[in-house]
Amino acid sequence: MRKYSVFAVAREALRGHKGWGPHWASPEPRKEYDAIIIGGGGHGLGAAYYLAKEHGITNVAVLEKGWIGGGNTGRNTTIIRSNYLYEESMDIYEHSLKLWENLSHDLNYNVMYSPRGVMMLSHNIHDQQSFKRHINANRLYGIDNEWLTPEQAKAYCPPLDIAKTARYPINGAALQRRGGTARHDAVAWGYARAASDRGVHIIQNCEVTGIRRDETGRVVGVDTNRGYIGAKKVGISAAGHTSVLMQMADVRVPLQSQPLQALVSEPLKPIFPCVVMSNSVHAYISQSDKGEFVIGAGTDQYNSYSQTGGLQIITHTLDAICELFPMFRRVKMMRQWGGIVDVTQDRSPIQGVTPVPGLFLNAGWGTGGFKATPGSAHLFAHLIAKGEPHRLAAGLTLERFRTGRLIDEAAAAAVAH
Amino acid sequence: MLLIYCPYCEEERSELEFRGAGDAHIARPENIADITDEEFEEYFFLRQNPKGLIFERWRHIHGCGRFFNAARDTVSDRFYTTYKAGEPKPDVSDILQSEQNKGAAK
């Protein structure tokens, strides 16, 4: 792999940029791999990368039904934060945040991680109590999160309307300064390039149609539209299509697939310095480096695989944005899209072994999987390599829905799902 | 936005009047205190989450307020039919057959 550096850019500038090759190789699938990961999003590609880098397992294939960066990795609103309430959540999201901080260097690929701060608006006394509980829990656990008065919030994010007469008055905000954004496509491409460089096969347009097991029930490989591919270990990291894949292995999972929408505005000059979220009125907004406002809306109320969603969901979010930031009222929206998220009942992810030996699951990241990409991938690689979960992911098991040991971020979440 | 036919009001109304209420035809165990953890998980948490035909409950919350069931396709989001609570599950092959015939007629 050609190392990217300022010298490489200068050299290519002089040669008319004709020397840049493809980021990753596109080999024909082998007959057998040590491990297969189904799903070429950030989580799956990252897991393959860490399998190769940290566990020395390089005979790995990532099977992607579509194209790299075409799924939820390229459809989210790129928000990164770790200020969750429960220790299981804080463990994994903080692990992830620490990896984000050095990811561009690690991958030799600029993922444009920008710790510009994630500010959550509090609109009423319930928000305030909940946020302060989060802040205290986070700080006790060594995670930064602080309370701002409305005036401090306005100073941090000047477009904010803090008038007492506002439709959604603000009585404070929680700010995680290390939170921020990253370039989502670059995360997928960077992991793909770095994994490919270490010998991982990235196979696009390869849809898994069956999961084969031997007479003892152990995984032996997968059927795909490009033929049978053998592997003793198979990891599923397929977001909205997890239920469909798990059914191929006759395992039912506590997941519901729902559309989640996002939209971007026309590009404007830099004016919005941070990420702002409001749970009560359900709106997220940040400004990308291209100048577009990136806005996240809520999930639809029904199960769907349609990668679209109801118009009323995004108009509801835009109504809220226009009230919170009156100066954006004349901004035009440019594109809207949906992704299919797999949501668990406790709104916490599932990462662990399954009833099928050799089959590993990474799912249920719901509406918040992007921020977890490096951490989830790192721990999923550990799970696949060792056959048992890493300490930091030990609570995220599939069994918790039987034992009742839920991680109830549904009640505690920063966003009303 | 979906248009949903309420079988009680006998009218097609906008999704805004309705609240989705999850999978249909899930019977609460009558001996809920005695069942095992596995059975409770099965009843309470595990779902089919199909890609294709789904049977689900809706409530016409800003209308008649009543629960009813629907058969819908989760890829096209199109409703095949809605029917009153307590009525038996419509025959899947009938639904898919009639859909195919519609497709052929076009």
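So that the names make sense, note that chain A is the first sequence line, chain B the second, and so on, each numbered from 1.
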*asked:* Name the residue from Phe360(A), Phe370(A), Trp365(A) that meets the ring pair (Phe, Tyr, Trp, His ring centres under 6.0 Å) definition with His43(A).
replied: Trp365(A)

*Under a 4.5 Å heavy-atom cutoff, which of Ile54(B), Leu2(B), Asp73(B) has the most pairs with chain A?*
Leu2(B)

_Options Ile340(A), Leu255(A), Val244(A), ranked by heavy-atom pairs under 4.5 Å with chain B, top entry_ = Leu255(A)

*Under a 4.5 Å heavy-atom cutoff, which of Ser243(A), Gly404(A), Ser304(A) has the most pairs with chain B?*
Ser304(A)

*Are Glu88(A) and Arg400(A) close enough for a salt bridge, meaning some N to O gap below 4.0 Å?*
no

*If you measure from the Lys or Arg side-chain nitrogens to the Asp or Glu carboxylate oxygens, is any gap between Asp250(A) and Arg213(A) under 4.0 Å?*
yes

*asked:* Less than 4.5 Å to any heavy atom of chain B: does that hold for the side chain of Val253(A), its backbone, both, or neither?
replied: backbone

*Count the heavy atoms of every other residue, nucleotide or ligand shown that sit under 6.0 Å from NE2 of His25(B), and state whether that count exceeds 12.*
yes

*Looking at Ser14(B), Ala21(B), Pro50(B), which has the largest count of heavy-atom pairs under 4.5 Å with chain A?*
Pro50(B)

*Donor-acceptor side-chain pairing of Thr74(B) and Asn303(A) below 3.5 angstrom*: no

*When only pairs under 4.5 Å are counted, which of His241(A), Gln307(A), Met246(A) shares the most heavy-atom pairs with chain B?*
His241(A)

*Below 4.5 Å from any heavy atom of chain A, which atoms of Glu39(B) appear? Answer side chain, backbone, both or neither.*
neither

*Under 4.5 Å from any heavy atom of chain B - which part of Gln256(A)*: both

*Answer yes or no: is there a donor N or O on one side and an acceptor on the other, between the side chain of Asp342(A) and the main chain of Gly364(A), under 3.5 Å?*
yes

_Residue selection (most heavy-atom pairs with chain B, distance under 4.5 Å) from Gly310(A), Gly309(A), Gly240(A), Ser306(A)_ = Ser306(A)

*Contacting moiety of Phe40(B), where chain A heavy atoms sit under 4.5 Å*: neither

_Taking CZ in Arg226(A) as the centre, count heavy atoms belonging to other residues, nucleotides or ligands within less than 6.0 Å. Is the count above 12?_
yes

*So what's closer than 4.5 Å to chain A heavy atoms on Arg72(B): side chain, backbone, both or neither?*
side chain

*Region of Leu398(A) in contact with chain B, defined by heavy-atom distances below 4.5 Å*: backbone

*Step through the shown structure and confirm whether more than 12 heavy atoms of other residues, nucleotides or ligands are within 6.0 Å of CD on Glu87(B).*
yes

_Nearest 0.5 Å, please: how far is CD in Glu207(A) from CG in Asp223(A)?_
12.0 Å

_Less than 4.5 Å to any heavy atom of chain B: does that hold for the side chain of Gln247(A), its backbone, both, or neither?_
side chain

